[in-house]
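Report on the structure given below.
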Amino acid sequence: MTNAESSAVPFSVALLGTGPMGAPIARNLIAAGVPLKLWNRTAHKARAIPGGRAVDSPAEAASEVVLTVLPDLPQVEGLLDGPAGLLAGWRAARIESPILVVHGTVSPVAVAAFAATYRKVHGVTVIDAPLSGGTIGAEEGRLSIMAGGPLDIVERLGSLFGLYSSTVLRFGETGAGSIVKACNQIVVAATVTAISEAMALAEASELDLGAVQSILAGGLANSEVLRQKGQRWIDADFEGGGSAKNQLKDLTFIAEVAAEAGLDLPVSNSVRRAFQTMVSQGLGELDHTGIYLSIRG
């Protein structure tokens, strides 16, 4: 039996991008017995994951299924060409119908075009499969995956996705998953901003932020954002986490999709402007809850 046949999934797997989301996904896959190749641009981050096989280039990582956990589509595209790229690696490994999974939050329009090109020119099936659940969901193996791509391929990946997620739904062809992620990010960005406004008002009124959050958590104002990130406002700790610049990227994609659909989304537009202001203030590397600092002034 090959390594792939003896693991929890019937195909070889690699994961590229062992950052805050990719690393816990990799650990869950390894814990489930998946022989996993790992690559990261900063190599020591891949080598730091026990049980995986860290490689020096995307070409060496080439497997039947390649998971990419990267911020945006240009970073994925940058892994494909050249002697050290995935295309060369797939050819060398004689993998004729590779599957490339894009777990990052990317433009639905761009990923659909990308998928069409690489399927036609190179025989690569691209699945857009953005994630929801944050780093806590990744650690606990309870991410939600919203997938777009050929039905048979998404179904084939179900056994793999199930090792690090609790919900997997296919919404249509490639690009559909990213539209669903756009819907998700409307709610996340708006909720983060609304809680930040509430906390700014509470602080300006000299109220106890923890006590105010207890009231919010007891009613309709409760949310997963408040549960996972409430302490950030209390401690005024906005380092790490999902960055404001990435939140702004997502909101820009939302505006793109809305324009394609002929929609005006007033809340999303307002929140996008708020994050544009935050990033312009040099706060873009902070967690998106740091919008509080921009609102508070």
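No hydrogens, no waters, no symmetry mates; every other heavy atom, side chains included, goes into these values.
Within the 4.5 Å cutoff, the side chain of Leu16 has no heavy atoms near those of the Val69 side chain. By the 4.5 Å heavy-atom criterion applied to side chains, Val13 and Ser63 are not counted as neighbours. Counting heavy atoms from C-beta outward, Val102 and Leu70 have side chains that stay 4.5 Å or more apart. Using a 4.5 Å heavy-atom cutoff, the side chains of Leu87 and Asp81 are in contact. Side-chain atoms of Ile291 and Leu293, non-hydrogen and from C-beta on, never get closer than 4.5 Å to each other. At least one side-chain heavy atom of Thr167 sits less than 4.5 Å from a side-chain heavy atom of Leu169. Side-chain contact between Thr289 and Met199 is absent, with no heavy atoms from C-beta onward closer than 4.5 Å. In this structure, the side chains of Leu29 and Ile25 come closer than 4.5 Å at one or more pairs of heavy atoms.
Going from atom CG of Leu283 over to atom NE2 of His288 covers 14.5 Å, rounded to the nearest 0.5 Å. Rounding to the nearest 0.5 Å gives a distance of 9.0 Å between CG of Leu131 and OG of Ser144. Here the CZ atom belonging to Phe238 is positioned 11.5 Å from the OG atom belonging to Ser294, to the nearest 0.5 angstrom. Atom CZ of Phe114 and atom OG1 of Thr174 lie 10.0 Å apart (nearest 0.5 Å). The CD atom of Glu77 lies 9.0 Å from the CG atom of Asp72; values are rounded to the nearest 0.5 Å. Rounded to the nearest 0.5 Å, atoms CG (Asn222) and OG (Ser214) are 10.5 Å apart.
Cluster annotation: Val168 and Val66 are assigned to distinct hydrophobic clusters (Ile/Leu/Val/Met/Phe/Trp/Tyr, side-chain heavy-atom contacts under 4.5 Å, transitive). Leu38 and Leu86 are members of different hydrophobic clusters when ILVMFWY side chains are connected at heavy-atom separations under 4.5 Å. Criterion: ILVMFWY side-chain heavy atoms under 4.5 Å apart, direct or through other members. Under it, Ile136 and Trp233 are not part of a common hydrophobic cluster. In the hydrophobic clustering of this structure, Ile153 groups with Leu163; members are Ile, Leu, Val, Met, Phe, Trp, Tyr whose side-chain heavy atoms approach within less than 4.5 Å, directly or through other members. Cluster annotation: Met21 is connected to Leu36 through the hydrophobic network of ILVMFWY side chains, with a link wherever side-chain heavy atoms come within less than 4.5 Å.
Between Arg142 and Glu224, at least one side-chain nitrogen of the basic residue sits less than 4.0 Å from a carboxylate oxygen of the acidic one, meeting the salt-bridge criterion. Between Asp128 and Lys181 there is no salt bridge, since no side-chain nitrogen of the basic residue lies less than 4.0 Å from a carboxylate oxygen of the acidic one. Of the charged side-chain nitrogens involved, none lies within less than 4.0 Å of a carboxylate oxygen, so that Arg272 and Asp250 do not count as a salt-bridged pair.
Counting only distance, with no hydrogens or angles, the side chain of Lys37 and the backbone of Pro58 share no donor-acceptor pair below 3.5 Å. Asn269 places a side-chain N or O within donor-acceptor distance of the main-chain N or O of Leu265, the cut-off being under 3.5 Å. Using modelled atom types, one side-chain atom of Ser165 and one backbone atom of Phe161 make a donor-acceptor pair closer than 3.5 Å. With hydrogens and angles ignored, the 3.5 Å screen pairs a side-chain donor or acceptor of Gln213 with a backbone N or O of Gly230. Using modelled atom types, one side-chain atom of Asn28 and one backbone atom of Pro24 make a donor-acceptor pair closer than 3.5 Å. A donor-acceptor pair under 3.5 Å links the side-chain atoms of Ser12 to the main chain of Glu64, judged by distance alone. In this structure a side-chain-to-backbone donor-acceptor pair under 3.5 Å is present from Arg232 to Asp237. Listed for the Asp287 side chain is no donor-acceptor partner under 3.5 Å among the backbone atoms of Glu239. Judged by distance alone, with hydrogens and angles left aside, the side-chain atoms of Asp208 form a donor-acceptor pair with the main-chain N or O of Gly210 at under 3.5 Å. Thr68 contributes a side-chain N or O that, together with a main-chain N or O of Val101, makes up a donor-acceptor pair within less than 3.5 Å.
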Inset, instruction - Output, in order, the C-alpha distance, side-chain angles, deciding distance and verdict of side chain to side chain contact (heavy atoms under 4.5 Å, CB included) for Trp90 and Leu80. - result: CA-CA 10 Å; Trp90 282 322; Leu80 288 156; 3.9 Å; yes
Legend entry - Trace of the side chain to side chain contact (heavy atoms under 4.5 Å, CB included) decision for Leu160 with Val65: CA-CA 10 Å; Leu160 178 66; Val65 175; 4.0 Å; yes
Inset, instruction - Begin from the C-alpha positions of Val257 and Ile254 and carry the test side chain to side chain contact (heavy atoms under 4.5 Å, CB included) through to its verdict. - result: CA-CA 5 Å; Val257 175; Ile254 290 163; 5.9 Å; no
Inset, instruction - Test side chain to side chain contact (heavy atoms under 4.5 Å, CB included) on Leu251 and Gln276 and set out the steps. - result: CA-CA 10 Å; Leu251 288 161; Gln276 285 171 335; over 6 Å; no
Legend entry - side chain to side chain donor-acceptor pair (under 3.5 Å) between Glu285 and Ser243, intermediate numbers included: CA-CA 5 Å; Glu285 298 296 334; Ser243 72; 5.4 Å; no
Legend entry - Full working for side chain to side chain donor-acceptor pair (under 3.5 Å) between Tyr292 and Glu197: CA-CA 7 Å; Tyr292 170 75; Glu197 288 192 352; over 6 Å; no
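For the pair Pro150 and Arg119, the tightest heavy-atom approach, listed with the atom from each and the gap, is CG-NH1, 3.9 Å. Between Thr277 and Ser280, the shortest heavy-atom distance links the atoms O-OG, 2.7 Å. Residue Arg47 comes nearest to Ala54 through the heavy atom pair CG-CB, 3.7 Å, listed as atom of the first residue, atom of the second, then distance. The two residues Ile295 and Ser196 make their nearest non-hydrogen contact at CD1-CB, 3.8 Å. When all heavy atoms of Ser159 and Val9 are compared, the closest pair comes out as OG-CG1, 3.7 Å. The minimum heavy-atom distance linking Gly89 with Ala62 is given by the pair C-CB, 3.4 Å.
Trp39 and Ser57 share no donor-acceptor pair across their side chains, judged by distance under 3.5 Å alone. Side chains of Thr105 and Gln185: a donor-acceptor N/O pair is absent below 3.5 angstrom, by distance only.
Environment of CD1 in Ile215: sparse, with no more than 12 heavy atoms of neighbouring residues, nucleotides or ligands closer than 6.0 Å.
The residue from Arg27, Glu139, His103, Glu140 that alone fulfils the side-chain hydrogen bond (donor to acceptor under 3.5 Å, both in side chains) condition with Tyr164 is His103.
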